[in-house]
Chemist: 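The structure follows.
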Amino acid sequence: MKRLNNLVVELASRAKLEPGDVVKFRNPREGWVFVSCDGKKPETRQLKINGRPHPWKGSFGDNLEAMCYLPQGEHVLAVHGKPARRLAIRSIPELLFTKYGYNPFVKNYGPYDWQFLKRYVLPHVNTVIGTGSPEQNTQNREWRSAGGKWIIERGMSFDKSARPDSGEVVSAWGGEPGMTDPAFDGLLLDEFFSGDDARYPAFSEALRRLGADPKFKGKKLYPYCGSHYPDRNDWGDYNEEDTSNSSVPFWRAAIQSGSRIAWERYLQERHDREIAKDLIEERIGEKIRLWQKVFPNVQESMIIAFGYMSMGFALNAHPSVDYKVFLDMQFRYLATEPALKGLYGITGWTSGYAEEETLKWTAQLYRHYGIEGNTQLLSKRYGFTYELPHIKNPDFAFNWEGWCVPVNIEKNCTVKSIDGYSALQGRWSVTDVGNSVMIVKRSSLRANAVSQPIRHLVRGKLYSVKLISGDYDDFVNGKSEEKLHTLKIGIEGGELVKEKCFQSPLPNHPTTKLGPFRRDHRYWFNLHHLVFRATAKTGKITISDWVTPGEPGAPIGQSTMYNFVEVQPYWAGEEQ
């Protein structure tokens, strides 16, 4: 055996395996084993494990691939048909897609249907989290027939005021289709918080009973943990004198019963790479070591749930930073930090808040670290950098600095800071980053067109431009109206990829509020999204409040505000 990184162990390899020859290997734990060999047509070879046929998952590149969930211990593999070359057998983590049936908050990015997933995501994962609805039955059968697992997500069933006994909990959780229907492999329960909770004694006993009941053999429970710590809430509150309602026995019961703890790690971007590295160490490294003081080797029963929320309810808070690289840094930390050796699994939460590009990129990170066993940043392969060099002052935090605002429109252009505005946009968790906006008041004389160079482009490469706008008059007057704003983005030095360009109304997230705007009275932003292929090393971005250079196209005197002007390399999801 050869450990490639914290997540992947090479169990065996052969340059060539003749038909009928066998390879013996030892799986170091109950979990996933990856098998690959040369070939593109599954029908040309039959894979057998322990004498039983096992399906190929499909082909990727020049290889046939399979993912097999196997018990810990000795196993025997054979390939029948044509000789198998470049045979590789690896222990890999559980790689979960979350979740099928949850289309994006920004509809233009979707739909994330089965065909999209088959092309960009499913080759790189082994477990799908779905809804359990009958509409997904066909896809469920297809996925599980190829060796994958399918679990469903549910709420925990008992609110904070409930006082169930363990029997009621067993009936509720054990009665879910994820546990009773043979079409499913388990149940994710969302979500639990550490600390003192009068429900925990019943929850803990229920986990033990469900884990010991033979009728649930082959099923797994996945309690989702929203807390930093195993024994106290995120504010450090914990009754040291009375541990009767502690979360510690619950997490212990989860580990001992074979459940998998899905541990929420939603990290918001930082403006500086070194500060971002410190955040990753503090939120993942320091915190996992606290868990390990209570539960040694807890990472072997744990799935890290990263947030890939990147728009609408977003961890992508800094338009001066590439969120793809930040995600890459987090994945690399899992692959290389010694405290995380043997981590059970990884997922991203959740598809409804993820841009199309982010979903595709995360799938590549699964493969890069969780299948191939790499230890270096994938971003380096494509020249992606954490701090974006293309434009300056993209959030107007420094007034007009970096932007060309002609003298003859200065009186129509104002930069203003609005407390709570970035939170209303959905930058999570709450931050002051993004409170500054450029406000332009439409004139009958000329367009309010501000611009700046786009630097450090590579000819032939793809780039995206994003911007978030709002109707300032509607904001001031507390008006909620879904509409498109008259704001045009011009790009010089690049050719637009028109099928990737859109402008979409975007309401504030139901959990955010500011002044009169909240769940039942939404404020409507617009998300502007462009993709272009660079034709020069230096380009130019121009933002105008006229529909064309000679036509306002909207009421004179109307004020529009905008910020989050992000220009970054675009990942198309395949070689570009």
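Keep in mind that what you see is a predicted model, and the values were worked out from it rather than measured. All values below come from the heavy atoms of this structure, side chains included, with hydrogens, waters and symmetry mates left out.
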Chemist: Flag the pair His124 / Phe60 as yes when their ring centroid distance falls below 6.0 Å, and as no otherwise.
Modeler: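 Centroid separation for His124 and Phe60: below 6.0 Å.
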Chemist: Classify the ring geometry between His271 and His318 as parallel (under 30°), tilted (30 to 60°) or perpendicular (over 60°).
Modeler: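 Correct class here is tilted.
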Chemist: Specify whether Tyr353 and Phe313 have parallel, tilted or perpendicular ring planes, treating 30° as the upper limit for parallel and 60° as the lower limit for perpendicular.
Modeler: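 Rings of Tyr353 and Phe313: tilted, 30 to 60°.
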Chemist: Which residue, Lys220, Lys219, Arg144, forms the salt bridge (Lys or Arg N to Asp or Glu O under 4.0 Å) with Asp185?
Modeler: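 So the option named by the test is Arg144.
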Chemist: In this structure, are over 12 heavy atoms from other groups packed under 6.0 Å from Lys341 atom NZ?
Modeler: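 It does not: Lys341 NZ has 12 such atoms or fewer within range.
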Chemist: List the steps and the verdict of side-chain hydrogen bond (donor to acceptor under 3.5 Å, both in side chains) for Tyr120 and Glu356.
Modeler: CA-CA 10 Å; Tyr120 295 111; Glu356 175 191 20; 5.5 Å; no
Chemist: Where do Tyr102 and Thr350 land on the side-chain contact (heavy atoms from CB on, under 4.5 Å) test, with the steps shown first?
Modeler: CA-CA 8 Å; Tyr102 195 7; Thr350 177; 3.4 Å; yes
Chemist: Quick check for you: to the nearest 0.5 Å, what is the distance between Asp38 atom CG and Leu87 atom CG?
Modeler: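 Rounded to the nearest 0.5 Å, the CG-CG separation comes out at 9.5 Å.
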Chemist: Going by an N to O cut-off under 4.0 Å, is there a salt bridge joining Lys2 and Glu10?
Modeler: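 No, no charged N to carboxylate O under 4.0 Å.
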Chemist: Calculate, to the nearest 0.5 Å, the distance between atoms CG and CG belonging to Leu4 and Asn374 respectively.
Modeler: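 Output value for this atom pair is 8.5 Å.
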Chemist: Name the orientation class of the two ring planes belonging to Tyr224 and Trp349 (parallel below 30°, tilted from 30 to 60°, perpendicular beyond 60°).
Modeler: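 Correct class here is tilted.
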Chemist: Can you name the nearest heavy-atom pair linking Asn6 to Pro338, along with the distance?
Modeler: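 That closest heavy-atom pairing would be ND2-N, 4.3 Å.
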Chemist: Should the heavy atoms of other residues, nucleotides or ligands under 6.0 Å from CZ of Arg3 be counted, would the total exceed 12?
Modeler: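 Atom CZ in Arg3 is crowded, with more than 12 foreign heavy atoms closer than 6.0 Å.
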Chemist: Partners of Gln292 by side chain to side chain contact (heavy atoms under 4.5 Å, CB included), sequence neighbours excluded?
Modeler: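 So Gln292 forms a side chain to side chain contact (heavy atoms under 4.5 Å, CB included) with Ile288, Arg289, Val298, Gln299, Ala339.
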Chemist: What orientation do Tyr463 and His390 show, parallel under 30°, tilted 30 to 60°, or perpendicular over 60°?
Modeler: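 The rings of Tyr463 and His390 stand perpendicular, inter-plane angle above 60°.
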Chemist: What's the separation between atom CG in Leu7 and atom OG1 in Thr375, rounded to the nearest 0.5 Å?
Modeler: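 Reported to 0.5 Å precision, the distance equals 11.0 Å.
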Chemist: Between Asp322 and Lys324, is there a salt bridge with N-O shorter than 4.0 Å?
Modeler: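 Looking at Lys324 and Asp322, the cut-off is met.
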Chemist: Using the rule side chain to side chain contact (heavy atoms under 4.5 Å, CB included), only one of Val35, Ile92, Val33 pairs with Met67; which is it?
Modeler: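 That would be Ile92; it is the only one of Val35, Ile92, Val33 passing the side chain to side chain contact (heavy atoms under 4.5 Å, CB included) with Met67.
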Chemist: Looking at Arg154 and Asp190, is any side-chain nitrogen of the basic one under 4.0 Å from a carboxylate oxygen of the acidic one?
Modeler: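 No salt bridge links Asp190 with Arg154.
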Chemist: May I ask you to decide whether Glu355 forms a salt bridge with Lys360, counting only side-chain N to carboxylate O separations under 4.0 Å?
Modeler: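 Not counted as a salt bridge, because no side-chain N and carboxylate O are separated by less than 4.0 Å.
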Chemist: Got a sec, which residues hit side chain to side chain contact (heavy atoms under 4.5 Å, CB included) with Pro53, two or more places apart in sequence or on another chain?
Modeler: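 Pro53 satisfies side chain to side chain contact (heavy atoms under 4.5 Å, CB included) with Gln46, Lys48 only.
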Chemist: Evaluate side-chain contact (heavy atoms from CB on, under 4.5 Å) for Tyr222 paired with Ile151, printing each intermediate quantity in order.
Modeler: CA-CA 9 Å; Tyr222 296 71; Ile151 64 175; 3.7 Å; yes
Chemist: Hey, what's the ring geometry for Trp114 with Trp150, parallel, tilted or perpendicular (30° and 60° as the breaks)?
Modeler: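 Trp114 vs Trp150 ring planes: tilted.
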Chemist: Go through it in stages, so that I can follow the logic: the residues are Asn103 and Tyr109, the test is side-chain contact (heavy atoms from CB on, under 4.5 Å), and I'd like the CA-CA distance, side-chain angles, deciding distance and then a yes or no.
Modeler: CA-CA 9 Å; Asn103 281 315; Tyr109 286 127; over 6 Å; no
Chemist: Salt-bridged, Asp21 to Lys16, with N to O below 4.0 Å?
Modeler: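 No, Asp21 and Lys16 are not salt-bridged.
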Chemist: Is it true that Lys99 and Glu153 make a salt bridge, defined as a side-chain N closer than 4.0 Å to a carboxylate O?
Modeler: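 Yes, Lys99 and Glu153 are salt-bridged.
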Chemist: Please determine whether a side-chain nitrogen of the Lys or Arg among Glu142 and Lys118 lies less than 4.0 Å from a carboxylate oxygen of the Asp or Glu.
Modeler: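 Between Lys118 and Glu142 there is a salt bridge, with a charged N closer than 4.0 Å to a carboxylate O.
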Chemist: How many angstroms lie between atom CD of Glu269 and atom OG of Ser310, to the nearest 0.5 angstrom?
Modeler: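 With rounding to 0.5 Å, CD (Glu269) is 9.5 Å from OG (Ser310).
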Chemist: Centres of the Trp251 and Phe295 rings: under 6.0 Å?
Modeler: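 They do not qualify: ring centres at least 6.0 Å apart.
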Chemist: Which residue, Tyr333, Tyr369, Trp361, forms the side-chain hydrogen bond (donor to acceptor under 3.5 Å, both in side chains) with Asp328?
Modeler: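 Only one option passes, and that is Tyr369.
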